[in-house]
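First comes the structure, then the notes that go with it.
The shown structure was predicted, so the numbers you read here are calculated from the model rather than taken from an experiment.
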Amino acid sequence: MTKTVLVTGASSGVGEATARLFAAKGWNVVAASRSMGKFDPGEKMLPLFLDVTDKATIADAIEKTRHRFGGLDVLVNNAGIGLAGPLEAVTDRQLRAIFDTNFFGVAAMIQAVVPLMRRQKSGTIINVTSITGRLGLPFMSPYDATKFAVEGLSESLRYELSLFGVRVKVVEPGGVKTAFAHEWARHDAYEPFHQKLIDQMTAGAAKARGPHGVASVIFKAANDRSARFRYTANGSGAFLALHGLLPERVWRGIVRSAFMKRHD
């Protein structure tokens, strides 16, 4: 029987690449996003409007998925927004907005699909986090905090949902060359150092691998029936391994050297 996947944030980048890969592999694909122009409806493709911060659109998307394909085998929580800069410069509105999408949106999607998967006694939930969900970087606290939160949510959730045959997995990409962009909060006191990070990220984005490698890892995780929990992608595994091997003092020195020199 053909399996069904729902991908959030499917209008571009990793989400679009993931939706197209699953479709190419013969899956039923629900390509969910706030802008659906990238996909034409077909026998196995269902583009849907979905805003992860709006529970009414989530419920509507899940019902349409169930009605069209009969069930849901895999949820890929990929939708997200970016926010970086000194925390002192971040407004309450900005901080709440990024948590609404990157964390509460993930939680809302999971709450919506779990009853269906629990009744099926099967399913896989894949949460796309980031290498910065494991390693905090300077001036990335708003974004990193949301990814750390999703990692913790996922690690706890994997135990309770295993009672019903539902797997929870996280995919942790490194740099990805996409149209994804961070909103930057600015503060004069930090500017000589903050600009260094902006320059580093801009240069890194230009050299980064495309989203297709991450999509391949997501597809692998979706088909992996083992108890494996974490999957690295786009070079994140090497950085995580290095972090695990080096003394904390040495790692801090590397991060400071790479990201916190003055920009003159």
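Of all non-hydrogen atoms in Met140 and Ala84, the two that sit nearest each other are SD-CB, 3.7 Å. A pairwise comparison of heavy atoms in Ala23 and Val29 identifies N-CG2, 3.5 Å as the closest pair. Across Ala79 and Val52, no two heavy atoms sit closer than the pair CB-CG1, 4.2 Å. The shortest heavy-atom contact between Pro142 and Leu95 is CB-CD1, 4.1 Å. The two residues Trp184 and Gly85 make their nearest non-hydrogen contact at CE3-N, 4.3 Å. Considering all non-hydrogen atoms of both residues, Asn78 and Thr8 come closest at N-OG1, 2.9 Å.
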Extract all donor-acceptor atom pairs below 3.5 Å that involve side chains of residues 112-122 and protein atoms in other chains or at least two apart in sequence.
residue	atom	partner	partner atom	Å
Gln120	OE1	Leu72	N	3.1
Gln120	NE2	Leu72	O	3.0
Gln120	NE2	Ser122	O	3.3

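Taking a 6.0 Å sphere around CD of Glu43, one finds it holds 12 or fewer heavy atoms contributed by other residues, nucleotides or ligands. Atom CZ of Arg186 has more than 12 neighbouring heavy atoms from other residues, nucleotides or ligands inside a 6.0 Å radius.
Among residues two or more places apart in sequence or in another chain, the salt bridge (charged side-chain N to carboxylate O under 4.0 Å, His left out) test is passed with Arg134 by Glu172. Applying the side-chain hydrogen bond (donor to acceptor under 3.5 Å, both in side chains) rule to Asn28 yields the partners Thr4; only residues at least two apart in sequence or on another chain are considered. For Glu88, the side-chain hydrogen bond (donor to acceptor under 3.5 Å, both in side chains) test picks out His187, Tyr190, with sequence neighbours left out. The ring-ring contact (aromatic ring centres under 6.0 Å, His included) test applied to Phe22 returns Trp27, Phe219, not counting sequence neighbours. With sequence neighbours left out, Arg66 forms a salt bridge (charged side-chain N to carboxylate O under 4.0 Å, His left out) with Glu63.
The line from CG of Leu246 to CD of Glu248 is 9.5 Å long, rounded to the nearest 0.5 Å. With rounding to the nearest 0.5 angstrom, the OG1 atom of Thr129 is 11.0 Å from the CG atom of Asn77. In this structure, OG1 in Thr132 is found 4.0 Å from CG in Asp144, a value given to the nearest 0.5 Å. Expressed to the nearest 0.5 Å, how far CG of Leu48 lies from NZ of Lys64 amounts to 6.0 Å. A distance of 12.0 Å separates CE of Met1 from CZ of Phe69, quoted to the nearest 0.5 Å. In this structure, CD on Glu155 lies 5.5 Å from OH on Tyr159, to the nearest 0.5 angstrom.
The shortest distance between side-chain heavy atoms of Leu83 and Tyr143 does not fall below 4.5 Å. You'll find the side chain of Leu50 reaches within 4.5 Å of the side chain of Met109, heavy atoms only. Looking at Thr146 and Val106, their side chains never come closer than 4.5 Å, going by heavy atoms from C-beta outward. When side chains are defined from C-beta on, Arg225 counts as touching Arg167, because their heavy atoms get closer than 4.5 Å. Arg230 has its side chain out of reach of Leu240: every pair of non-hydrogen atoms, C-beta onward, lies at least 4.5 Å apart. You'll find the side chain of Asp73 stays beyond 4.5 Å of the side chain of Val5, heavy atoms only. Under the 4.5 Å side-chain criterion, counting only non-hydrogen atoms from C-beta, Ile110 is in contact with Leu153. Residues Lys25 and Leu21 meet the side-chain proximity criterion, which asks for heavy atoms closer than 4.5 Å.
Using a cut-off of 4.0 Å between Lys/Arg side-chain N and Asp/Glu carboxylate O, Lys147 and Glu151 are scored as not salt-bridged. With respect to Lys220 and Asp224, no salt bridge is recorded, no charged nitrogen being found less than 4.0 Å from a carboxylate O.
Side-chain atoms of Thr65 come within 3.5 Å of backbone atoms of Ala61 as a donor-acceptor pair (strictly under, hydrogens ignored). Distance alone, capped at 3.5 Å, places no donor-acceptor pair between the Asp51 side chain and the Thr57 backbone.
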- Would you sort out whether Leu157 and Val166 count as a side-chain contact (heavy atoms from CB on, under 4.5 Å), showing the intermediate values? CA-CA 10 Å; Leu157 197 62; Val166 177; over 6 Å; no

- Task: Tell me, with the steps shown, if Tyr231 and Ile126 meet side-chain contact (heavy atoms from CB on, under 4.5 Å).
- Result: CA-CA 10 Å; Tyr231 300 75; Ile126 300 173; over 6 Å; no

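The cluster map of Ile, Leu, Val, Met, Phe, Trp and Tyr, joined by side-chain heavy atoms under 4.5 Å apart, puts Phe148 and Leu87 in different clusters.
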